[in-house]
Structure formats: C-alpha cells, structure tokens
Amino acid sequence: MSPSSPSSASVTSLRAPDRTPLLFTVNMGLEDVVVEEFRARAEAAGLEVTKTDDAPFGLQSYALVEVRAGPDAALEVARQMRSVHHVLAPLYTFPLSADGEAALQAIHDTVHALDVPAMETADTFRASSVRQGTHDFTSVDVQKWAGGALDARYDAAVDLEDYDVEVRVDVRDDRCLVSTQHTREALSRRQLDGYQPRAALKANVAYALLRLAHLDAPPDVLLDPFCGSGTILLEAADLWPDTQCYGNDWNEEAVVGSRKNVELAGLTDRIAIREGDVWHLAETFDDVTADLIVTNPPFGVRMASSMDFYPFYRRVLAQMAAVLRPGGLVVMLVLRQGPFNAVLGETDRFVSRHVRAIEIGGLYPYVFVLERH
C-alpha cells in the first residue's frame with residue numbers, strides 16, 4: 001500500500017458468519033421508512049431481524065439491516081422492497097485521509113487488498129461508484145481506479161453491460177463503502193411502461209409517502225389531486241387492495257396518460273382519474289369523501305422562481321379540506337416551507353402532525369402530514 005492508503009486495521013469488515021447484512025440505497029430522508037418496511041416484510045416471512053440502522057457509518061441515503069438467515073432467504077425478502085432503489089451486500093468500509101490522486105491511489109490499494117468472495121467465481125465484472133461530498137475527483141475516477149484494482153487481483157474481465165458481478169465503491173465525504181450490488185435495475189423503476197413524463201415521481205418515493213401516513217388501517221378512499229402519471233395511485237392500489245383510489249389532473253395529456261397506466265395495470269375498477277382544475281377540486285369530487293390525500297404538486301425549479309406560493313397553498317388546502325373527512329390525513333410534498341407554514345398558521349382546518357425534508361433529484365422538498373379538524 002502507498003503511504004496514504006488506509007491500514008488494514010482501519011478497514012472495517014461488514015460481513016457476518018451467521019447473519020446476512022443488507023444495504024439499501026434510498027432517497028435521503030426516507031431511510032427510516034426503509035428500515036420499517038424491511039422489518040415488517042422480514043417478520044412476515046419468519047426471519048429474525050438482528051440489527052437495523054437508518055444512518056449506517058454516519059451516511060445518509062443508505063439503510064442497513066441484518067437478519068439471522070442465509071443470503072437466499074434474506075434476498076428474497078429484500079427484492080420485495082418498495083421504498084428502495086438498490087439492494088447491496090455490504091463488505092467493507094474504510095476512511096479516506098487524502099484527496100485528489102492520492103485518494104484514488106488509496107482506494108486502488110485498499111480495494112486490491114480486500115477479499116471480494118463474489119469475484120472469485122466471476123468471469124466478468126464491473127465497478128461502479130456513487131460519490132457524495134466535495135472531492136478533487138469524480139465518481140468515474142473512482143470506478144476506474146477501483147476497477148483497475150479488481151482487474152489486477154481477480155481472473156475476471158471488465159464488462160460494463162454483460163457482467164456477472166457489480167462491485168460498488170461509494171464515496172461519501174471522507175469514507176469509502178465497498179459492496180456488491182444484487183439489483184441490476186433499480187427497484188424504484190417498476191412503473192416505466194406506458195405514460196411517463198420527465199418529472200414523474202419515482203415509485204419508491206410514492207410508496208414512502210403512503211407509509212408516512214402511519215395509518216392503523218387502510219383508507220377506504222384515497223385521492224391524489226395532482227396525479228400526473230398516476231404513480232401514487234398505482235402504489236396505493238398495490239399497498240391497499242381494498243382502497244378505492246381517485247386521481248385528478250388539469251392537464252389533458254396527464255389524464256389520458258394516467259388512465260392508460262391504470263388500464264395497463266388492470267386497475268380500472270379501483271382507480272378512477274378525473275380531469276379538473278385543483279382550484280375547483282370540491283366541485284370535481286362533490287360525490288367523494290376521502291380518508292387520505294397523498295399528492296405531489298408539480299411545481300419544479302423553473303416555475304418556483306416566479307410563482308407566488310402563498311395563495312396557491314391557501315387555495316389548495318381549502319379545496320382539500322372540502323373533500324376530506326374530519327380526522328382524515330394529507331401527505332403532501334411542499335417545495336416552499338415558509339409560505340406553507342404561513343398558510344397553516346392562518347387556517348383552523350388542519351394541524352401538522354409530521355414534517356421532514358427529503359431529497360428528490362437534487363431538490364429538497366418537505367413532506368407534511370396534516371390532520372383535518
């Protein structure tokens with residue numbers, strides 16, 4: 001190893017002889033949702049969860065779980081997860097004390113010295129990396145240096161497309177995490193058929209919003225006033241088979257597209273999409289009383305610079321209150337917390353039950369959970 005490389009004593013092995021640790025990648029701010037979902041699925045499958053951590057190694061956007069079971073049984077549960085992107089087998093973590101090429105050399109030397117069991121029987125592999133923080137190198141640099149180390153140690157050829165093993169070497173600030181990845185396609189990309197606008201909410205975030213309602217029982221009626229491609233509605237129909245779901249959008253293309261998605265999913269009997277302006281939501285749904293509203297208002301960066309959010313939030317909340325039963329909940333993504341809090345402070349129709357920030361595509365909206373008086 002070079003002088004800047006971590007010593008073997010500073011490398012922490014994450015493998016366990018009688019347990020299976022798993023690492024999930026997730027949107028920042030939803031790590032605890034992942035832990036709760038896995039625990040519920042594992043217990044339903046009869047697996048004992050021995051450890052959970054929604055900030056493993058001090059890192060965000062990861063969730064760690066450990067079960068007293070073999071890899072096959074653990075992975076069978078893991079691949080059912082709805083709130084995650086990828087499933088990883090964590091192997092090692094080590095600190096980085098240098099930057100620039102010295103850090104890349106340290107990554108190369110350390111990875112070259114590590115045992116990666118899956119590589120021993122692989123004919124082909126690829127190295128990948130997700131880098132977070134401020135560094136004088138890129139994730140592509142990490143991939144090249146880590147891939148070179150694996151190529152030098154193991155009798156396996158690099159193949160970026162048709163690979164047997166994917167080794168991830170992720171860098172977050174001054175720490176490196178080495179894992180093997182079990183999912184080729186992200187589990188969050190499960191709703192890619194049919195109509196998919198560029199700004200569509202990822203399926204894993206939609207699922208997490210539903211879970212953040214923390215309901216004791218499934219709702220009878222769920223409404224999404226800004227349904228877009230219908231992602232939230234499709235996730236709700238999967239999570240709660242007996243719930244009647246309604247969607248609304250002012251955009252004719254979105255209404256046609258979301259109806260197509262519902263039809264492709266075979267859920268036309270449980271999901272109904274209506275076309276209407278949210279300004280008149282109470283009129284569009286005068287025959288519906290919702291138990292739960294879950295929604296993502298479609299206002300991105302370009303619109304945010306010129307939009308006055310205060311009257312928007314005031315009108316939207318008033319319309320939601322008109323179609324929601326007393327005691328019903330709203331789970332809503334909010335781009336601007338200031339004007340939203342101002343509106344909440346002036347209304348007696350809702351009380352805030354929970355607030356958290358999450359990361360979505362480089363934006364950091366807040367999730368508000370509101371209860372209607």
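Below, each value reflects all heavy atoms present in this structure, side chains not excepted, and no hydrogens, waters or symmetry copies.
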Margin query: Centroid separation under 6.0 Å, is that true for the rings of Phe368 and Phe340?
Written below: yes
Check: Does Thr50 offer a backbone N or O that forms a donor-acceptor pair with the side chain of Arg19 under 3.5 Å?
Finding: no
Margin query: Using 30° and 60° as the class boundaries, would you call the ring planes of Phe285 and Tyr246 parallel, tilted or perpendicular?
Written below: perpendicular
Check: If we only count heavy atoms from C-beta on, is the Leu47 to Glu76 side-chain gap below 4.5 Å?
Finding: no
Checklist line | Heavy-atom neighbours of Glu101 CD exceed 12 at 6.0 Å | finding: no
Check: Counting N and O atoms only, with roles assigned by atom type, does the side chain of Arg168 sit under 3.5 Å from a partner on the main chain of Ser179, one being a donor and the other an acceptor?
Finding: no
Notebook entry, point to check: Is a donor on one side and an acceptor on the other found under 3.5 Å between the side chain of Thr110 and the backbone of Ile107?
Noted result: no
Note to self: Side chains of Asn261 and Ser258: any donor to acceptor distance under 3.5 Å?
What the structure shows: no
Margin query: Quick one, Asp54 with Val33, criterion side-chain contact (heavy atoms from CB on, under 4.5 Å). Give me CA distance, side-chain angles, the key distance, then yes/no.
Written below: CA-CA 9 Å; Asp54 59 15; Val33 176; over 6 Å; no
Notebook entry, point to check: With the threshold set at 4.0 Å, does a side-chain nitrogen-carboxylate oxygen contact exist between Glu235 and Arg82?
Noted result: yes
Notebook entry, point to check: Any side-chain heavy atom of Val355 sitting closer than 4.5 Å to one from Gln337?
Noted result: yes
Checklist line | Greater than 12 external heavy atoms within 6.0 Å of Gln80's CD | finding: yes
Next item on the list: Each residue besides Leu23 in its hydrophobic cluster should be listed here, by chain and number; the cluster joins Ile, Leu, Val, Met, Phe, Trp and Tyr at side-chain heavy-atom distances under 4.5 Å.
Entry: Leu14, Phe57, Leu59, Tyr62, Leu64, Leu88, Leu177
Margin query: Show the nearest heavy-atom pair for residues Ala282 and Gln319, with the distance to one decimal.
Written below: N-OE1, 2.9 Å
Note to self: Measuring only between side-chain heavy atoms, which start at C-beta, is Trp250 closer than 4.5 Å to Val278?
What the structure shows: no
Margin query: With a 4.5 Å cut-off on side-chain heavy atoms, are Phe125 and Val116 touching?
Written below: no
Item checked: Sidechain N-carboxylate O distance under 4.0 Å for Asp32, Arg356 -> yes
Check: Pick one: which of Leu215, Val331, Thr243, Leu222 meets side-chain contact (heavy atoms from CB on, under 4.5 Å) with Leu210?
Finding: Leu222
Margin query: Taking Leu329 as the starting point, is it possible to reach Val334 by hopping between hydrophobic residues whose side chains are less than 4.5 Å apart?
Written below: no
Next item on the list: Check the pair Gln105, Trp145 against side-chain contact (heavy atoms from CB on, under 4.5 Å), reporting the backbone distance first and the verdict last.
Entry: CA-CA 7 Å; Gln105 185 67 55; Trp145 286 72; 3.2 Å; yes
Notebook entry, point to check: Between CG of Leu344 and CG of Leu317, what distance do you get to the nearest 0.5 Å?
Noted result: 6.0 Å
Note to self: Counting only heavy atoms not in Glu252 (residues, nucleotides, ligands), do more than 12 fall under 6.0 Å from its CD?
What the structure shows: no
Notebook entry, point to check: Ala42 and Val49: which non-hydrogen atoms are nearest, and at how many Å?
Noted result: CB-CG2, 3.6 Å
Next item on the list: State whether the number of non-hydrogen atoms from other residues, nucleotides or ligands found under 6.0 Å of Asp287 atom CG is greater than 12.
Entry: yes
Next item on the list: Please answer: with hydrophobic residues joined when any side-chain heavy atoms are less than 4.5 Å apart, are Met320 and Ile273 in the same cluster?
Entry: no
Note to self: Please tell me whether Val221 and Trp240 are part of a single hydrophobic cluster in this structure, the criterion being side-chain heavy atoms less than 4.5 Å apart.
What the structure shows: no
Notebook entry, point to check: Out of curiosity, does Tyr195 fall in the hydrophobic cluster containing Val255 (side-chain heavy atoms, cut-off under 4.5 Å, transitive links)?
Noted result: no
Margin query: Nearest 0.5 Å, please: how far is CG in Asn204 from NE2 in His86?
Written below: 10.5 Å
Item checked: For Asp173, all residues meeting side chain to side chain contact (heavy atoms under 4.5 Å, CB included), sequence neighbours excluded -> none
Next item on the list: Could you grab the distance from atom SG of Cys176 to atom CG of Leu96, nearest 0.5 Å is fine?
Entry: 4.5 Å
Note to self: Quick one, Glu37 with Phe24, criterion side-chain contact (heavy atoms from CB on, under 4.5 Å). Give me CA distance, side-chain angles, the key distance, then yes/no.
What the structure shows: CA-CA 12 Å; Glu37 182 193 357; Phe24 299 105; over 6 Å; no
Margin query: How about CG on Asp269, more than 12 heavy atoms from neighbouring residues, nucleotides or ligands closer than 6.0 Å, or not?
Written below: yes
Next item on the list: Show your reasoning for whether side-chain contact (heavy atoms from CB on, under 4.5 Å) applies to Val84 and Tyr207.
Entry: CA-CA 10 Å; Val84 307; Tyr207 176 88; over 6 Å; no
Checklist line | Pairwise distance CD(Gln143) to CG(Leu160) - rounded to 0.5 angstrom | finding: 8.5 Å
Check: Between Thr347 and Val343, is there a donor-acceptor pair closer than 3.5 Å when you use the side chain of the first and the backbone of the second?
Finding: no
Margin query: So does Asp162 get a backbone contact from the side chain of Thr124, meaning a donor-acceptor N/O pair under 3.5 Å?
Written below: yes
Margin query: Under 4.0 Å between a side-chain nitrogen and a carboxylate oxygen: does that hold for Arg325 and Asp220?
Written below: no
Check: Hey, is Asp151 close enough to Lys144 for a salt bridge, meaning N to O under 4.0 Å?
Finding: no
Note to self: Quick check on the hydrophobic clustering: are Val294 and Leu234 connected, directly or via other members, by side-chain heavy-atom contacts under 4.5 Å?
What the structure shows: yes
Checklist line | Minimum heavy-atom distance Gln132-Ser61, with the two atoms named | finding: NE2-OG, 3.9 Å
Next item on the list: Flag the pair Glu66 and Lys51 as a salt bridge only when some basic side-chain nitrogen lies within less than 4.0 angstrom of an acidic carboxylate oxygen.
Entry: no
Notebook entry, point to check: Is any side-chain N of the basic residue among Glu275 and Arg259 closer than 4.0 Å to the acidic one's carboxylate O?
Noted result: no
Next item on the list: Decide whether a cation-pi geometry holds between Arg336 and Tyr310; the criteria are a distance under 6.0 Å from NZ or CZ to the six-membered ring centre and an angle within 45° of the ring axis.
Entry: no
Next item on the list: State, to 0.1 Å, how close Gln196 and Ala200 come at their nearest heavy-atom pair, and which atoms those are.
Entry: OE1-CB, 3.6 Å
Note to self: Does any part of the side chain of Arg190, heavy atoms only, come nearer than 4.5 Å to the side chain of Lys202, both counted from C-beta?
What the structure shows: no
Notebook entry, point to check: Is a side-chain N or O of Asp99 found less than 3.5 angstrom from the main chain of Asp136, in a donor-acceptor match?
Noted result: yes
Checklist line | Aromatic ring pairing His108/His112, orientation class (parallel under 30°, perpendicular over 60°, tilted between) | finding: parallel
Checklist line | Atom of Val67, atom of Ala74 and distance for their closest heavy-atom approach | finding: CG2-CB, 3.6 Å
Note to self: So, taking the atom named CG in Leu324 and the one named NE2 in His373, what distance separates them when rounded to the nearest 0.5 Å?
What the structure shows: 12.5 Å
Notebook entry, point to check: Between the main-chain N or O of Asp18 and the side-chain N or O of Arg68, is there a donor-acceptor pair closer than 3.5 Å?
Noted result: no
Next item on the list: Would you check if Val316 and Met332 make a side-chain contact, meaning some heavy-atom pair closer than 4.5 Å?
Entry: yes
Note to self: Test your reading of the model: is there a side-chain donor-acceptor pair from Thr180 to the backbone of Glu166, 3.5 Å cut-off?
What the structure shows: no
Next item on the list: Please report the closest heavy-atom contact between Pro365 and Ile360, naming both atoms and the distance.
Entry: CG-CD1, 4.0 Å
Note to self: Would you say Ser83 and Arg211 are linked by a side-chain donor-acceptor pair, where the criterion is simply a distance under 3.5 Å?
What the structure shows: no
Note to self: Please report the interatomic distance CG(Leu335) to OH(Tyr366), rounded to the nearest 0.5 Å.
What the structure shows: 10.0 Å
Margin query: Can you confirm whether Gln244 sits close enough to Asp291 that some side-chain heavy atom of one is under 4.5 Å from a side-chain heavy atom of the other?
Written below: no
Note to self: Taking Asp224's backbone N and O only, do any of them form a donor-acceptor pair with Thr295's side chain (distance below 3.5 Å, no angle check)?
What the structure shows: no
Check: Is Tyr154 reaching over with its side chain to a backbone N or O of Ala122, donor-acceptor style, under 3.5 angstrom?
Finding: no
Check: Is there side-chain contact between Val11 and Leu114, with heavy atoms separated by less than 4.5 Å?
Finding: yes
